[in-house]
Enquirer: 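My structure is below; once you've seen it, I'll send some questions.
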Amino acid sequence: MRKRLFCAIGICALVLSLATAGLAKNALVFQTDFGLGDGAVSAMKGVAFGVDRDMAIFDLTHYIPPYSIWDGAYRLHQTMEFWPEGTVFVSVVDPGVGTERRSVVAKTKDGRFIVTPDNGTLTFVEEMVGLESVRIIDDKRHRLAGSEESYTFFGRDLYAYTGAKLASGTITFEEVGPVYEGKVISIPYQRAKVEDGAVIGNIPVLDIRYGNVWSNIGKLLFDQLSPEIGQIFEVTVKEGDKVVYSGDIPYVNTFGDVPEGSPLIYFNSLMNLSLALNMDSFSEQNGIMSGGDWSISVKPKK
Amino acid sequence: MRKRLFCAIGICALVLSLATAGLAKNALVFQTDFGLGDGAVSAMKGVAFGVDRDMAIFDLTHYIPPYSIWDGAYRLHQTMEFWPEGTVFVSVVDPGVGTERRSVVAKTKDGRFIVTPDNGTLTFVEEMVGLESVRIIDDKRHRLAGSEESYTFFGRDLYAYTGAKLASGTITFEEVGPVYEGKVISIPYQRAKVEDGAVIGNIPVLDIRYGNVWSNIGKLLFDQLSPEIGQIFEVTVKEGDKVVYSGDIPYVNTFGDVPEGSPLIYFNSLMNLSLALNMDSFSEQNGIMSGGDWSISVKPKK
Amino acid sequence: MRKRLFCAIGICALVLSLATAGLAKNALVFQTDFGLGDGAVSAMKGVAFGVDRDMAIFDLTHYIPPYSIWDGAYRLHQTMEFWPEGTVFVSVVDPGVGTERRSVVAKTKDGRFIVTPDNGTLTFVEEMVGLESVRIIDDKRHRLAGSEESYTFFGRDLYAYTGAKLASGTITFEEVGPVYEGKVISIPYQRAKVEDGAVIGNIPVLDIRYGNVWSNIGKLLFDQLSPEIGQIFEVTVKEGDKVVYSGDIPYVNTFGDVPEGSPLIYFNSLMNLSLALNMDSFSEQNGIMSGGDWSISVKPKK
């Protein structure tokens with residue numbers, strides 16, 4: 001609408017159209033394990049706003065469980081694709097803050113940027129999307145003036161500041177610092193696969209608000225079992241070797257397809273196989289948690 | 001201030017003034033029961049930002065109790081009027097997601113828009129403000145590209161996307177889809193009234209942070225009892241037929257008008273009759289909750 | 001980047017560059033004890049957005065413990081400096097709402113603005129940064145139209161509205177209202193000092209998310225003990241006269257410098273002396289809280 005109106009007015013408007021087209025604003029999106037109870041997140045945003053007062057600043061979440069790089073890595077991967085190309089994510093889950101770990105900016109193969117300590121936060125993005133290039137932040141050039149004495153708040157003094165300069169176009173990706181030639185740090189975890197007529201995988205995360213259990217089993221993999229809507233499957237959930245849940249569950253499109261309180265297999269918004277109770281919490285009712293130790297097996301009931 | 005400076009500079013500035021005046025930016029305001037612990041809200045905002053990188057994106061709340069359409073309906077009505085005309089609200093409290101309920105955009109009589117499943121979320125807005133028109137979202141035209149396989153995240157793939165297009169002026173209200181000719185779904189509840197020298201009503205919601213009890217009894221109705229500041233009233237609160245609280249309370253302007261720990265009747269920021277303890281929680285001290293079952297009666301003490 | 005492109009295009013662009021330079025947008029930053037569970041914060045933002053649809057609106061925190069002016073004062077001081085000059089803070093921790101306390105706008109010596117009830121919220125900012133001038137909000141001119149009957153939501157009807165007008169340049173600081181000639185209200189608390197070879201101070205706040213204990217002892221004061229990295233100190237924490245913690249702790253740069261579960265003395269992001277356990281909660285493990293009653297003493301171990 002903006003462009004249309006300007007275009008009716010001639011040269012001045014043409015200039016503006018060109019300007020607008022060439023200068024698409026990039027979002028700066030923060031993720032931390034800080035919570036929202038104090039001023040830490042606000043200070044990061046203040047630093048970013050100071051770089052560019054037209055900056056579009058947003059949140060992914062600030063409720064990553066404290067120190068859980070795994071959760072940060074998962075949430076980042078889960079959410080990134082819904083933000084447009086050029087978006088800069090600043091992810092600060094940094095139990096090793098102040099020790100010798102690299103501070104990097106990764107450019108993904110689909111054109112997003114992630115500013116983060118290299119501590120495993122890039123695990124899922126690297127595997128699922130791929131990284132085009134990783135650069136080490138030049139701490140000499142991109143540290144907030146006056147913060148040299150502070151050893152503990154990299155999130156604010158280095159990551160927010162660098163991310164804001166990148167998102168605003170104040171610096172290019174190349175100006176972040178030297179290319180990192182090695183491999184970024186990756187957290188080992190169980191991959192999903194089909195074995196003996198069953199799909200198996202792990203439980204990377206719970207849908208905490210509703211208590212649904214999410215797996216890393218994608219729809220294409222599940223489709224190798226030729227499932228039909230309404231078909232019953234035998235589901236087993238284990239923590240290590242211990243069976244925590246075992247039961248028969250129908251595969252349906254959505255919650256309302258089963259009675260209240262009944263279990264269902266469905267595909268979540270990431271198109272991964274998930275377990276739920278309609279209007280109740282599957283994870284709470286069955287004592288299920290998430291993490292590398294947790295596995296799930298799903299096979300057709302005979 | 002912006003306009004003033006431009007106006008001093010002639011034709012180019014005139015163009016800009018006109019542009020600015022004609023193109024007032026509309027806010028996009030999200031309400032959900034998702035909480036802020038994962039990436040769901042962020043994904044919705046990413047989709048909206050992808051539609052228009054100048055979009056003004058805000059939150060109403062994301063802490064509607066899970067599945068509570070009633071609370072969503074109440075918070076929406078409570079907050080809308082403080083946002084200017086043209087604001088687009090996206091409200092996703094959707095226990096029936098994926099089943100056959102309509103997805104609509106309602107235009108209120110005072111010129112706001114609400115994108116929501118038609119499941120009762122419009123109850124209070126329809127009654128208190130009125131709806132000028134309701135349109136069914138044309139799912140074929142307004143679904144996020146690539147999301148056709150996902151049955152479960154309408155909030156992101158349909159509502160956020162449609163709301164963003166409407167707020168940015170990418171589509172008009174008419175382009176949302178066909179007019180819905182029927183009546184939107186409404187949740188039944190007890191209306192406030194004067195009866196036998198008392199005002200009675202229900203308790204739609206608590207002021208959860210402070211524990212104040214809010215009623216649906218407006219000031220105009222209460223004024224029919226000709227109350228005076230300082231006057232004592234007999235207050236009874238019931239859950240169904242069971243009396244939960246009964247006591248004498250003064251009607252005052254504000255909390256500081258009674259000693260710490262003492263009860264007061266006051267009018268909240270929505271100008272509805274409310275009960276509080278100065279510096280303490282009335283609802284907790286007296287075991288009071290909110291909902292359709294809860295009623296309140298207030299009459300002058302003789 | 002924006003400016004560079006415009007500059008290539010001549011007079012029209014020059015105008016825009018000047019305009020942009022002269023009209024740096026000011027952030028409006030909200031702090032309250034409202035939480036995010038209802039629509040109160042959103043209503044404040046709606047009022048602000050209604051004043052200027054290009055307003056840059058942010059949060060400090062809305063999780064100040066209810067009624068805790070002390071915490072509000074501390075968080076405000078802690079965070080302000082990271083927002084650029086011209087930023088307008090609206091802080092609403094207001095247990096005395098509706099009673100006779102002044103509503104003011106303070107301009108700090110470093111060029112930020114704070115809209116707040118004068119109830120102690122300015123304590124730390126006044127002492128640490130200094131106030132250039134304080135003006136009383138002219139309630140007649142700056143109250144949201146239609147809100148005259150509401151006695152209880154100053155945050156929305158007066159503070160958000162006045163803050164938005166100030167941040168957007170709709171009014172100048174001088175137009176807020178008359179200068180307040182007196183001294184703003186200040187909360188008494190124990191100052192940090194060196195005494196008998198030890199530094200002593202109080203515990204204004206905990207780093208709640210990680211359980212670290214923050215003191216008001218700055219690095220310059222601590223340096224009077226000529227501390228060395230790795231040196232062991234005797235630390236005593238008291239509530240009133242009662243010793244709650246007593247132990248020997250090394251002074252290090254950062255968490256990773258001690259084994260997991262071990263205590264450390266470090267300087268937090270505000271450069272104040274702090275206590276922590278690496279990967280655990282010092283405050284929880286030792287039953288330590290914050291407030292005027294809590295004191296800390298640190299001296300070199302012989």
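All chains are named by letter (A, B, ...) in the order of the sequence lines, taking the proteins before the strands, and each is independently numbered beginning at 1.
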Enquirer: Within 45° of the six-membered ring axis of B:Phe58 and under 6.0 Å from that ring's centre, is NZ or CZ of C:Lys45 located there?
Expert: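 Relative to the ring axis of B:Phe58, which defines the angle, C:Lys45 lies outside at least one limit.
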Enquirer: Heavy-atom distances under 4.5 Å only: say whether C:Asp52 touches chain B with side chain, backbone, both or neither.
Expert: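 For C:Asp52, there is no contact with chain B at all, as no heavy atom is under 4.5 Å.
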Enquirer: Non-hydrogen atoms of chain C under 4.5 Å away: do they reach the side chain of B:Val205, the backbone, both or neither?
Expert: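 B:Val205 has no heavy atom closer than 4.5 Å to chain C.
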Enquirer: Heavy-atom pairs under 4.5 Å with chain C are the metric here; pick the option from B:Thr79, B:Leu36, B:Thr87, B:Asp71 that has the most.
Expert: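 Among the listed options, the one with the most contacts to chain C is B:Thr79.
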Enquirer: State, without any angle test, whether B:Ser290 and B:Trp70 hold a side-chain donor-acceptor pair at a distance under 3.5 Å.
Expert: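 The answer is no; no qualifying pair exists.
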Enquirer: To the closest 0.5 Å, what do you measure between CZ (C:Phe30) and OG (C:Ser42)?
Expert: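 It comes to 10.5 Å.
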Enquirer: For the interface with chain B, which of C:Gly35, C:Ala40, C:Ala56 has the highest count of heavy-atom pairs at distances below 4.5 Å?
Expert: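 Heavy-atom pairs under 4.5 Å are most numerous for C:Gly35.
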Enquirer: Sort C:Tyr161 into side chain, backbone, both or neither according to what part of it lies under 4.5 angstrom from a heavy atom of chain B.
Expert: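 Neither part; nothing is under 4.5 Å.
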Enquirer: Near B:Met289 CE, under 6.0 Å, is it more than 12 heavy atoms from other residues, nucleotides or ligands?
Expert: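 Incorrect, the count does not exceed 12.
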Enquirer: Ring of C:Phe89, cation from C:Arg112 - is the NZ or CZ under 6.0 Å from the centre and inside 45° of the axis?
Expert: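 Here C:Arg112 fails the 6.0 Å and 45° test against C:Phe89.
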